[in-house]
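First up is the structure itself, then whatever we jot down about it.
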Amino acid sequence: MAMPSLSFLHQSPPKPSHVYFCNPSPPPLFLQSPSFVYMTTPLSLHSSKALQIRSSFSSTSTSEPTQDPVRLAFSVNSTLKIAIIGFGNYGQHLAKTLVAQGHSLLAYSRSDHSHIAQELGVSFFLNPSDLCEQHPDVILLCTSIISTEQVLKSLPLKRLKRSTLFVDVLSVKEFAKNLLLDVLPPDFDIICSHPMFGPQSAKQSWENLFFMYEKVRIGNESSRVQRCNDFLAIFEREGCKMVEMSCQEHDKLAAGSQFMTHTVGRVLDMLGLESTPINTKGYETLLELVENTRGDSFDLYYGLFLYNKSALEMLEKLDLGFDELRNELSGRLHDVVKKQLFENAARGKSLQDKSYQNSAGMASILNSLRSQDAIQPYEYKEKISESIDDSSKLKIAIVGFGNFGQFLAKAFVRQGHSVLAYSRTDYCAVAQKLGVSFFSDADDLCEEHPDVILLCTSILSTEKVLNSLPLQRLKRSTLFVDVLSVKEFPRNLFLQNLPSDFDILCTHPMFGPESGKNGWKDLAFVFDKVRVGSDEKRVARCNRVLDVFAREGCRMVEMSCAEHDWHAAGSQFITHTMGRVLEKLKLESTPINTKGYETLLNLVENTAGDSFDLYYGLFMYNVNALEQLEKLDLAFESLKKQLFGRLHGLFQRQLVGNADEKLQVLQNGKGKVFPEKSVVPYGAAMPASPKEKFHVLWENSVLQASPENRLEVVEEKSVRRNGAALATSPESVS
């Protein structure tokens, strides 16, 4: 379904200019303080004012206040009388710090929070007039985005001092800035701010968390300038990174960070994700993201969507990312099915041809196979005696010496084991550096009689590689180990293809070269002793393999392959899916990253290095993966329905006053009857109900929301499809 365009009637931003925060010469000494964030990368800004980032009250700072010019900017001169309007969770969260710093706190809210206010040391008012008559220095708006306009217009502004400072903490800034400029008298001061954290993400402290602000309108009097600085110093003293930025630039960056973070968090929350015994680092980040966004109301999320003109574009990109990923998976499935059909057809023709072969020739082939079988018992008997070894060191042959094989080899060599390697690609030079003996021929490797064959192949190539190994050249009791990300598939493959006297250990290190680059401590290692001989030496050999990972600090989890795949479908597959979708959006770090957005960036970084073959293998060889993909798709569709359902309600309220009349539109300042040929497709009947009218506009028009909460038609898709000229001016639906 095509989604309507929801943009605001803001002025077009000026052409971005690149502002650098460094020059070829060394920075001044005061900028070298560890508490000052010194930017070295260019930022594209819409404002001509250079973005500034300060963290001058950081607890890690060691310099004296008088020695740092940055500290003087927000130096504390006096305490403030601050009135919080909207005393819900966020207002209470801020109040705790404001009271702790010695400021006098008042609060007003439509809900009675007097008991909580009393516990926090805050004076609570049920009547806004009573609060305003206290003449607070600062009015701090902590209302929801949706209710801000209504609350602001309900305040008795005439009862306040004429120079009162108004501050908002909304998650969208252009809307708040325009609203405050429109509603407040010109002698009121205005700061638009956004603490880039909430009660959940800042429950420990505000240290190093971003606080964005714009001094929209501050009087010239020194007392008013000082009051503004006193307010900003509240957050600076808590260690926040102070970012001075235009509201326009904030919204441009926040659409790609904050809105995306909340969207992904809500989609994942709908899946009911739960911690598992085998969490990967990537999955832990998803759980953390859900936890950080779960406490926020849908009103907040809807406000981010409705009042940020870039939000719908990000939602459309996310939708396209899902579609593209599904198409990639479907394309691979199509290729596999087609290949199987051709192979089956060729096999059928081959069998038909063979039926005409000479029976003597067929007998010759069978005799050759029998002779190979006859040789094996002799070779195996010879190798039994060679396998008797009291040393705790193992001879481990790694089959598939790519990134992951090399990653594991380092630990094996470090612990003193003898490591061999075989791969179709020549990694001889890499193996030599690691102290590994490399073989380009599988027969040569198997004739070395390794104690363990460790398969580090991709999921898709495992069966082919296993069938190509000369198993008859190995000792009969060789231990086969895999490290695939799916477990039932290799378990069944081993049981079907390996001789019954081979031992089998299915494992999955729940980490990789990226997530395990700083050590394996506390990272999960899953294993299933599928088939291990009762002989004492074979049991000890299996345990020695597991000891390699235990000694590195892994959290050892013994679990059946079936149980692993059930957990992994809900954790590993979802993690890789979200990582790949977000990677397609080309997310970038911003100067105002929230903790949640940092989580998304880390997720992309952790999954970007993995091949599509790995992801496709997780999908193809885990029977639970398709169900998870469908659930993810349904969750995303459900979220879109919630958002657009709200839009439908908004539109319906606009139409309900004249539901019995024909729909009117304004074009070029003149009212006219809603034309069938304009928005209604040719030949279609005129809509009767407001709901029908909404769907007609949805499918055939590009809509936008005005600051007055009204939807407007800015482009008619039916006209565009017919090749006619587009509307030159917006048409307001009334």
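- Val548 is linked by a side chain to side chain contact (heavy atoms under 4.5 Å, CB included) to Phe412, Gln415, His417, counting only residues two or more places apart in sequence or in another chain.
- Under the 30°/60° scheme for interplanar angles, the aromatic rings of Phe438 and Phe401 are found to be tilted.
- Among residues at least two apart or in separate chains, side chain to side chain donor-acceptor pair (under 3.5 Å) pairs with a member in residues 455-466 are Thr457-Thr462, Ser458-Ser461.
- Judged as a salt bridge (Lys or Arg N to Asp or Glu O under 4.0 Å), and not counting sequence neighbours, the contacts of Arg414 are Glu552.
- With a 4.5 Å cut-off on side-chain heavy atoms, Leu434 and Gln406 count as touching.
- A side chain to side chain donor-acceptor pair (under 3.5 Å) with Arg541 is found for exactly one of Asp451, Asp503, Thr478, namely Asp503.
- Of the inter-residue distances, the one linking Leu469 atom CG with Ile453 atom CD1 reads 6.5 Å to the nearest 0.5 angstrom.
- A pairwise comparison of heavy atoms in Ala202 and Leu209 identifies CB-CD1, 3.7 Å as the closest pair.
- Here the CG atom belonging to Leu420 is positioned 5.5 Å from the CG atom belonging to Leu445, to the nearest 0.5 angstrom.
- Between the OG atom of Ser171 and the CD atom of Gln258 there is a distance of 4.0 Å, given to the nearest 0.5 Å.
- Distance check: Ser611 OG to Ile459 CD1 gives 8.5 Å after rounding to the nearest 0.5 Å.
- You'll find the side chain of Leu273 reaches within 4.5 Å of the side chain of Leu287, heavy atoms only.
- Not counting sequence neighbours, Glu288 has no partner by the salt bridge (Lys or Arg N to Asp or Glu O under 4.0 Å) test.
- Ser330 and Asn327 share no donor-acceptor pair across their side chains, judged by distance under 3.5 Å alone.
- Counting all heavy atoms, side chain and backbone alike, Glu588 lies closest to Leu601 at C-CD2, 4.2 Å.
- Heavy atoms only, all atoms of each residue included: Pro199 and Asn89 are closest at CG-O, 4.3 Å.
- Taking 4.0 Å as the cut-off between side-chain N and carboxylate O, Lys631 and Glu627 count as a salt-bridged pair.
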Using residues 512-523 as the side-chain source, report each donor-acceptor pair under 3.5 Å to any protein atom, sequence neighbours left out, with the distance given to one decimal.
residue, atom, partner, partner atom, Å
Glu514, OE2, Lys517, NZ, 2.7
Ser515, OG, Gly512, N, 3.0

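- Residues forming a side chain to side chain contact (heavy atoms under 4.5 Å, CB included) with Glu558 (at least two apart in sequence, or on another chain): Phe527, Lys529.
- For Phe305 and Phe644, the ring centers sit closer than 6.0 Å to each other.
- Judged as a salt bridge (charged side-chain N to carboxylate O under 4.0 Å, His left out), the pairs with a partner in residues 432-444 (not counting sequence neighbours) are, in order, Asp443-Arg473.
- Under the rule for a ring pair (Phe, Tyr, Trp, His ring centres under 6.0 Å), the partners of Tyr301 that lie at least two apart in sequence or sit in another chain are Phe259, Phe298.
- The side-chain heavy atoms of Leu493 and Phe489, taken from C-beta on, include a pair separated by under 4.5 Å.
- Remark: Ser571 OG to Trp566 CH2 distance equals 10.0 Å, nearest 0.5 Å.
- Taking every heavy atom of both residues into account, His567 and Ile278 meet most closely at CB-CD1, 3.7 Å.
- The ring pair (Phe, Tyr, Trp, His ring centres under 6.0 Å) test applied to Phe636 returns Phe322, not counting sequence neighbours.
- Note on Lys317 versus Glu313: salt bridge recorded, some NZ/NE/NH1/NH2 to OD/OE distance being below 4.0 Å.
- At distances below 3.5 Å, not a single donor-acceptor pair connects side-chain atoms of Arg476 with backbone N or O atoms of Asp501.
- Ring-plane geometry between Phe573 and Phe619 is classed as parallel, the angle between the planes falling under 30 degrees on a 0 to 90 degree scale with a further cut at 60.
- A pairwise comparison of heavy atoms in Leu582 and Leu318 identifies CD2-CD1, 4.4 Å as the closest pair.
- Remark: side-chain polar atoms of Arg646 are not paired, donor with acceptor, to backbone N or O of Tyr302 under 3.5 angstrom.
- Between Arg326 and Asp633 a salt bridge is recorded (basic side-chain N to carboxylate O distance below 4.0 Å).
- Glu598 is linked by a salt bridge (Lys or Arg N to Asp or Glu O under 4.0 Å) to nothing, counting only residues two or more places apart in sequence or in another chain.
- Applying the salt bridge (Lys or Arg N to Asp or Glu O under 4.0 Å) rule to Asp535 yields no partners; only residues at least two apart in sequence or on another chain are considered.
- A 4.5 Å side-chain heavy-atom check between Leu505 and Phe494 finds every atom pair outside the cut-off.
- In summary, the side chains of Asn279 and Thr276 do present a donor paired with an acceptor at a separation below 3.5 Å, with no hydrogens or angles considered.
- A salt bridge is absent between Asp323 and Lys584: the closest approach of a Lys/Arg side-chain nitrogen to an acidic carboxylate oxygen does not fall below 4.0 angstrom.
- Checked by atom type and distance alone, the side chain of Arg555 pairs as donor or acceptor with a backbone atom of Pro277 at under 3.5 Å.
- At a threshold of 4.0 Å, the pair Glu488-Arg491 does not count as salt-bridged, since none of the basic side-chain nitrogens sits closer than that to a carboxylate oxygen.
- Scored by the side-chain hydrogen bond (donor to acceptor under 3.5 Å, both in side chains) test, Asp547 finds no partners at all (sequence neighbours excluded).
- Of the possible donor and acceptor atoms, one in the side chain of Thr507 sits under 3.5 Å from a partner among the backbone N and O of Asp482.
- Salt bridge status for Lys487 with Asp565: absent, with no side-chain N to carboxylate O gap under 4.0 Å.
- The environment of Glu448 atom CD is dense: over 12 non-hydrogen atoms of other residues, nucleotides or ligands sit within 6.0 angstrom.
- How far OG1 of Thr577 is from CD of Gln572: 10.5 Å, rounded to the nearest 0.5 Å.
- Contact detail for Val486 and Gly617: the closest heavy-atom pair is CG1-O, 4.1 Å.
- The six-membered or imidazole ring of Phe439 lies away from that of Tyr422, with a centre-to-centre distance of 6.0 Å or more.
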